[in-house]
There are 2 protein chains.
Amino acid sequence: MAPTSDAEAMPGAPFSGGRSRDALRAAQMYYLQDLTMNAIARELNTSRSTVSRLLSMARETGLVQIQVNNPTDRTPALEQQISRRFGVQAHVVPIADSVNDSEVLNRVALQAARTIGPLVDSNAIIGVAWGSTLSAVSHRLTRKQTHDSTFVQLNGAGNTQTTGISYASEILRRFGQAYGSRVEQFPVPAFFDHAETKKAMWRERSVRRILDLQERMTMAIFGVGSIGAGIPSHVYSGGYLDHEDLETLEADEVVGDVATMFFRSDGSHRDILLNQRSTGPDLDELRRVGRRICVVSGESKIHGLRGALAANLATDLILDEGSARRLVQA
Amino acid sequence: MAPTSDAEAMPGAPFSGGRSRDALRAAQMYYLQDLTMNAIARELNTSRSTVSRLLSMARETGLVQIQVNNPTDRTPALEQQISRRFGVQAHVVPIADSVNDSEVLNRVALQAARTIGPLVDSNAIIGVAWGSTLSAVSHRLTRKQTHDSTFVQLNGAGNTQTTGISYASEILRRFGQAYGSRVEQFPVPAFFDHAETKKAMWRERSVRRILDLQERMTMAIFGVGSIGAGIPSHVYSGGYLDHEDLETLEADEVVGDVATMFFRSDGSHRDILLNQRSTGPDLDELRRVGRRICVVSGESKIHGLRGALAANLATDLILDEGSARRLVQA
DNA sequence: CACCAGAGTGCACATATGTGCAAGGCGGTT
DNA sequence: AACCGCCTTGCACATATGTGCACTCTGGTG
């Protein structure tokens with residue numbers, strides 16, 4: 001049965017494209033009219049399995065968007081507590097305690113991707129950091145068409161071992177691809193060796209272009225790095241910092257970082273030496289961004305997170321339930 | 001296995017309510033984290049079937065909202081044509097030609113309900129007409145919590161046989177219930193016998209209250225009545241009009257009505273006699289409403305629909321594919 | 001013209017989901 | 001305390017959905 005020119009061409013062909021037209025029709029019939037895939041297959045003169053695939057496609061392409069919203073009047077207690085105490089909108093990702101860390105990251109990343117999706121608008125300029133959390137998120141984004149939106153890298157990614165370019169830029173590329181956006185890389189190391197070099201570079205027009213974009217950000221997406229407990233974050237173990245650097249951080253009582261900008265547990269950051277060589281946005285500048293989304297997975301990040309919250313770096317916080325509980329105990 | 005106080009109480013209980021808390025958790029895990037119901041059941045210490053029910057509940061109560069959007073750049077040809085020629089945003093409901101009329105109505109109603117859903121905002125004042133189409137839509141609404149929104153009846157529903165109250169008010173009530181809104185009935189007949197009575201009533205404060213609300217409408221939802229072809233609409237066969245009325249309509253070259261206000265195929269309505277006794281909003285007033293959604297199912301309505309479009313009564317048009325094709329042929 | 005890579009399809013099977021039904025819990029009444 | 005109605009649950013079965021695989025079609029390419 002060739003579905004070419006017999007019955008398929010005319011009866012159900014009010015649209016343009018072939019396959020994506022069917023995907024849209026199928027999606028409407030499935031999600032808006034509650035037909036079964038079987039029934040849809042009959043109306044579309046194709047097999048049920050094809051319909052199943054069309055629907056997958058419709059979901060992946062962003063034709064279908066599924067939102068889960070907790071009615072504001074009945075927000076879960078945990079989220080309310082976090083909102084009240086830290087002044088952020090909290091999105092707690094429900095996960096049983098028994099789940100292992102990598103699975104937690106997976107699920108937080110997936111839910112984060114889907115929470116972020118609806119917030120990405122046309123004409124937006126969105127900064128993204130890099131790191132294991134953001135990497136995981138970037139893998140789970142669902143597509144959505146936007147116009148004239150731009151993703152800009154928040155901080156450099158090079159280090160003494162590698163240029164780091166591929167790692168950070170892959171993350172960025174995935175965001176750009178998911179939303180059909182332009183992408184602006186920031187081709188500098190994560191940290192300069194000398195504060196002077198940073199100053200010099202910051203005057204270069206090629207760099208200024210990126211900094212200008214960053215100043216006009218409408219949204220920023222980042223994780224947090226955390227010193228102090230368990231597994232150190234990418235920044236602390238990836239060859240970005242040498243032994244001496246780590247010691248000065250400790251001396252400065254640093255608890256974590258956002259986009260390689262360090263802060264203490266009280267949120268202060270201005271007199272931390274390493275920040276003069278870091279390529280991330282100054283935290284004062286970051287705080288000017290309208291929507292600042294922080295994604296956190298795993299309890300080892302708690303200390304860094306507390307600092308970030310004390311510094312008021314985020315407007316929105318997406319985190320796993322275990323960490324959320326930890327956070328409100330204190 | 002009683003899921004009372006053993007393991008369920010503490011481990012996964014960061015929220016408030018019991019059942020709806022679980023529904024939210026389940027919805028997040030299912031729709032945002034892509035777990036299977038089985039996996040969710042394990043994390044929630046319950047059975048898979050309960051999870052299935054929780055998810056149904058989450059969908060019905062509006063915790064989960066599913067949207068299907070056609071990327072504006074690739075709008076189906078039919079919808080584009082309608083938009084261009086009639087100046088409305090068209091939502092064509094895909095349906096194979098083979099489907100019978102009552103099924104078409106069902107499916108249009110369901111998709112209409114889900115299309116309207118996201119448009120209902122807090123603080124909105126929304127007018128609704130009545131009739132077989134609106135009745136079908138009202139049965140299919142999915143719940144969604146809003147604050148301080150109001151549904152107001154657009155036109156009276158009484159006639160010489162019955163008060164019509166229950167019929168129209170049931171429609172209104174369902175809308176109100178779905179969105180947690182106030183509801184304002186309009187307890188007058190569909191048509192007065194004497195234009196004088198209408199004038200008098202329109203000065204009554206009880207009536208003025210409704211008319212005031214109507215003036216402040218932010219949205220209106222209605223079907224169309226159509227004379228001329230096949231099955232007559234509710235208005236024309238339900239005992240609202242007597243023989244003489246029908247004759248004057250014909251003499252006036254009326255092709256249809258919206259909320260019992262009649263118009264000709266060119267969209268004109270001002271000098272139609274019966275309108276002086278009708279309780280629907282004057283069409284000039286209706287046109288002032290920001291969003292005016294017209295739902296149409298079945299080809300018998302084509303003539304009325306053309307008139308309504310000529311009169312620019314709608315900003316949005318939801319209709320079945322067959323009618324849509326008819327509409328652009330001419 | 002033969003051949004090949006890639007995309008798309010339907011089939012058959014593996015999974016996942018929906019639902020009638022009987023059993024059990026709970027609160028109120030006799 | 002015994003009874004009753006109402007609601008919720010899990011089970012078992014009926015349906016619905018996802019997917020590996022072999023096959024076909026298409027449009028180059030040698």
Side-chain angles (χ1 to χ4, degrees), chain A residues 1-9 11-13 15-61 63-64 66 68 103 106-107 110 140 142-143, chain B residues 1-9 11-13 15-61 63-64 66 68 96 103 106-107 110 140 142:
Chain A
M1 181 178 292
T4 33
S5 57
D6 51 33
E8 221 272 70
F15 300 170
S16 47
R19 191 171 171 72
S20 80
R21 170 202 58 152
D22 281 353
L24 177 60
R25 286 173 70 82
Q28 293 182 118
M29 296 198 258
Y30 190 79
Y31 288 106
L32 301 183
Q33 299 177 28
D34 286 356
L35 301 199
T36 69
M37 295 186 179
N38 241 320
I40 297 173
R42 281 195 299 274
E43 298 208 3
L44 252 48
N45 296 305
T46 182
S47 74
R48 192 187 50 71
S49 30
T50 295
V51 174
S52 171
R53 293 187 180 106
L54 285 174
L55 289 173
S56 306
M57 180 187 165
R59 284 186 297 262
E60 284 161 13
T61 335
L63 276 188
V64 175
I66 299 182
V68 177
E103 182 60 13
N106 259 328
R107 287 170 54 179
L110 192 49
R140 306 311 203 92
T142 41
R143 224 169 308 183
Chain B
M1 182 179 292
T4 30
S5 58
D6 51 34
E8 220 272 72
F15 299 171
S16 46
R19 191 171 171 74
S20 79
R21 170 202 58 155
D22 280 354
L24 177 60
R25 286 172 70 81
Q28 294 182 117
M29 295 198 260
Y30 190 80
Y31 288 107
L32 301 183
Q33 297 176 28
D34 286 354
L35 301 200
T36 68
M37 295 187 179
N38 241 320
I40 296 173
R42 281 195 299 274
E43 298 210 3
L44 252 46
N45 296 305
T46 183
S47 74
R48 192 186 53 69
S49 30
T50 295
V51 174
S52 172
R53 293 187 180 107
L54 284 174
L55 290 172
S56 305
M57 180 188 164
R59 285 186 297 261
E60 283 160 14
T61 44
L63 277 187
V64 175
I66 299 181
V68 176
E103 181 60 13
N106 258 329
R107 287 169 55 178
L110 192 48
R140 306 312 202 92
T142 42

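In what follows, chains are A, B, ... by sequence order, proteins preceding strands, each numbered from 1.
Straight-line distance from the CG atom of A/L44 to the C1' atom of C/dG8: 15 Å, rounded to whole Å. Summarising the geometry, the separation between CE on A/M37 and C1' on D/dT17 is reported as 5 Å, rounded to the nearest angstrom. Nucleotide C/dT19 holds its C1' atom 15 Å from the CG atom of B/L54, rounded to whole Å. For the pair B/D34 CG and C/dA16 C1', the computed distance is 13 Å after rounding to whole Å. The distance between atom CG of A/N38 and atom C1' of D/dA14, rounded to the nearest whole Å, is 14 Å. As rounded to whole Å, 16 Å separates atom P of C/dG8 from atom CG of A/L55. Distance CD (A/E60) to P (D/dT19): 10 Å, rounded to an integer number of Å. Per the geometry, CE belonging to A/M57 stands 10 Å off P belonging to C/dT9, to the nearest Å.
Between A/S52 and D/dG18 there is a side-chain N or O to OP1 or OP2 distance below 4.0 Å. Phosphate proximity of D/dG10 to B/T46: present, with a side-chain N or O under 4.0 Å from OP1 or OP2. Phosphate proximity of D/dG10 to B/T50: present, with a side-chain N or O under 4.0 Å from OP1 or OP2. Contact annotation: A/Y30 reaches the phosphate of D/dT17 (side-chain N/O to OP1 or OP2, under 4.0 Å).
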Output one line per pair: protein atom, nucleotide atom from nucleotides 11-13 of chain D, and distance, for all N/O pairs under 3.5 Å.
| residue | atom | partner | partner atom | Å |
| --- | --- | --- | --- | --- |
| D/dC11 | N4 | B/S49 | OG | 3.4 |

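With sequence neighbours left out, the side chain to side chain donor-acceptor pair (under 3.5 Å) criterion links B/Y31 to B/R59. In terms of the side chain to side chain contact (heavy atoms under 4.5 Å, CB included) criterion, residue partners of B/S47 (sequence neighbours excluded) are, by chain and number, B/S49, B/T50. Evaluation of the side chain to side chain contact (heavy atoms under 4.5 Å, CB included) rule for A/L110 yields A/R114, A/R140, B/D34 as partners, not counting sequence neighbours. In this view, A/R42 and A/N38, A/A39 satisfy the side chain to side chain contact (heavy atoms under 4.5 Å, CB included) rule, not counting sequence neighbours.
Distance check: B/Q28 CD to B/L35 CG gives 11.0 Å after rounding to the nearest 0.5 Å.
Side chain of A/Q33 to backbone of B/R107: no donor-acceptor contact under 3.5 angstrom is found.
Among residues at least two apart or in separate chains, there is no salt bridge (charged side-chain N to carboxylate O under 4.0 Å, His left out) pair with a member in residues 46-56 of chain B.
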